[in-house]
Q: 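Mind having a look at this structure? Questions to follow.
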Amino acid sequence: MKAVSLFTGCGGSDAGLAATGFEVVMANDILPYARDVYLANHAETDYQVKDITKVEHFPKADLLAGCYPCQGFSQGGLRNPDHKYNTLYKEFARALNQIKPKAFIVENVSGMVRKNFAHLVEDQIKIFTEAGYKVKFEVLNAADFGVAQERRRILIVGIRDDIDVEYHFPTPTHGEGKEHPKVTIRDAIGDLPEWPEGEFYARDFHWYYMSRDRRNGWDETSRTIVANPRHMPLHPMSPKMVKVEHNVWKFETEGRARRFTYREAARIQGFAKDFVFPETAVASLDMKYKVAGNAVPPPLFEAVARNIPNNIW
Ligand SMILES: C[S@@+](CC[C@H](N)C(=O)[O-])C[C@H]1O[C@@H](n2cnc3c(N)ncnc32)[C@H](O)[C@@H]1O
């Protein structure tokens with residue numbers, strides 16, 4: 001099974017595809033450090049660093065995967081329905097029309113289903129349907145699929161019209177009453193050092209950071225991992241936060257607090273324990289956080305990919 005991956009980042013979605021048995025024959029992103037991280041972990045992929053609008057040809061593949069950027073929709077982003085990033089799905093549709101894979105998978109932030117963005121979701125469904133696919137979408141929480149983090153994302157799956165199967169989204173495997181308990185912060189990072197100096201963003205907790213609770217305990221799932229290190233949730237050994245008034249929180253006790261490191265963020269995203277962040281010419285703390293936080297949790301993407309009926313490949 002061959003896949004083409006667009007908006008690949010450091011390869012969260014692709015790690016999920018690899019676990020499902022896909023070979024990624026082409027990957028693309030505009031961010032050089034995303035490529036460096038990807039290739040340090042999956043050396044065999046043809047990874048092109050290029051603006052997608054400039055890519056003319058895509059290789060044949062059974063599956064097309066893509067997670068266009070979300071600045072326009074996300075809570076942390078601009079929430080502007082007209083943001084230029086919001087039309088990159090048209091580039092995905094262009095690749096879809098050229099490759100005509102048997103199936104495709106898209107991931108994006110769940111904010112996309114909010115009312116003022118509804119027209120964008122509708123337009124995506126429309127152009128993917130017009131490209132010849134039966135399209136379904138659903139909001140899934142990564143925590144329900146073995147990821148130590150509350151992360152709700154919209155997944156869009158299309159099966160080519162001439163293939164007579166129906167796609168069903170996976171049902172939760174982790175949580176109360178499910179096959180497995182939820183994976184906790186302790187499960188994900190409990191073996192890592194407490195104060196790995198240089199691996200966490202150590203600047204002040206500014207007023208905006210202190211405007212809400214940023215800490216979950218060791219035996220809980222994490223709050224959503226983000227790409228901007230300033231907004232990264234707190235490590236559970238930090239003091240608890242208590243509410244002072246609306247939008248104002250403080251630390252309950254004295255004592256040192258810190259955000260998750262980029263390595264912890266990657267673990268909490270569901271990357272393997274041996275996932276590598278290479279020291280290349282474009283490596284920086286911000287870049288490491290960015291690619292880790294932008295990623296799709298591999299176990300979530302894997303669960304969605306595995307539910308495509310095997311007989312279509
Ligand atoms: C949500 S992230 C994708 C995460 C990735 N799927 C993963 O699992 O690691 C979106 C990616 O789109 C890339 N991107 C933004 N604009 C782009 C463009 N014009 N051409 C190619 N890639 C672009 C960003 O650099 C970012 O890595």
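Both counts, for ligands and for their atoms, begin at 1 and track the order of listing.
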Q: Would a line drawn from the ring center of W218 to the ring center of H235 be shorter than 6.0 Å?
A: yes

Q: Give the other cluster members for V242, using side-chain heavy-atom distances under 4.5 Å between Ile, Leu, Val, Met, Phe, Trp and Tyr residues; answer none if it is isolated.
A: none

Q: Between F277 and F275, what is the ring plane arrangement, given parallel below 30°, perpendicular above 60°, and tilted in between?
A: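 Aromatic pair F277/F275 classed perpendicular.
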
Q: Just jot down the salt bridge (charged side-chain N to carboxylate O under 4.0 Å, His left out) partners of E138, sequence neighbours excluded, or say none.
A: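 Counting only residues at least two positions away or on another chain, E138 forms no salt bridge (charged side-chain N to carboxylate O under 4.0 Å, His left out).
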
Q: State the atoms of ligand 1, each with its element, that fall below the 4.0 Å cut-off from a heavy-atom position in C67.
A: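 In order of numbering, the contacting atoms are 1 (C), 2 (S), 3 (C), 6 (N), 10 (C).
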
Q: Flag this pair as yes if the NZ/CZ of R306 is under 6.0 angstrom from the six-membered ring centre of F145 and inside a 45 degree cone about the axis; otherwise no.
A: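 Pair R306/F145 does not count as cation-pi.
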
Q: Using a 4.0 Å heavy-atom cut-off, say whether N28 meets ligand 1 through its side chain, its backbone, both or neither.
A: side chain

Q: What I'd like to find out is whether the side chain of F22 reaches to under 4.5 Å of the side chain of D14, using heavy atoms alone.
A: no

Q: Answer with side chain, backbone, both or neither: which part of E107 has a heavy atom less than 4.0 angstrom from an atom of ligand 1?
A: neither

Q: Using a 4.0 Å heavy-atom threshold (strictly under), name the region of L88 that reaches ligand 1: side chain, backbone, both or neither.
A: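 Within the 4.0 Å criterion, L88 contacts ligand 1 through side-chain atoms alone.
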
Q: Any nitrogen or oxygen of F7, main chain or side chain, under 3.5 Å from a nitrogen or oxygen of ligand 1?
A: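 For ligand 1, there is an N or O atom that lies under 3.5 Å from one belonging to F7.
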
Q: Does A34 have a non-hydrogen atom less than 4.0 Å from ligand 1?
A: no

Q: Quick check on contacts: which atoms of ligand 1 are under 4.0 angstrom from a heavy atom of A295?
A: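 Heavy-atom distances to A295 below 4.0 Å select 7 (C), 8 (O), 9 (O).
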
Q: Could you tell me whether the side chain of P101 reaches within less than 4.5 Å of the side chain of L96, counting heavy atoms only?
A: yes

Q: Can you check whether Y201 reaches F260 side chain to side chain, under 4.5 Å on heavy atoms?
A: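 Contact flag for Y201/F260 side chains = no.
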
Q: For the 3.5 Å polar cut-off, considering only N or O atoms, please tell me whether G12 and ligand 1 meet it.
A: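 For ligand 1, there is an N or O atom that lies under 3.5 Å from one belonging to G12.
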
Q: Tell me, please: is K50 in heavy-atom contact with ligand 1, that is, under 4.0 Å?
A: yes

Q: Determine, considering heavy atoms only, which of D51, D14, V49 sits nearest to atom 19 (N) of ligand 1.
A: D51

Q: Which residue from L6, T8, V106, V296 reaches closest to atom 5 (C) of ligand 1 through any of its heavy atoms?
A: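 Answer by nearest heavy atom: T8.
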
Q: Return the orientation label for the F128 and Y68 ring planes: parallel under 30°, perpendicular over 60°, tilted otherwise.
A: tilted

Q: For ligand 1, find out whether one of its N or O atoms is nearer than 3.5 Å to an N or O atom of D29.
A: yes

Q: Atom 1 (C) of ligand 1: which of V55, N294, L31, V109 has the nearest heavy atom?
A: N294

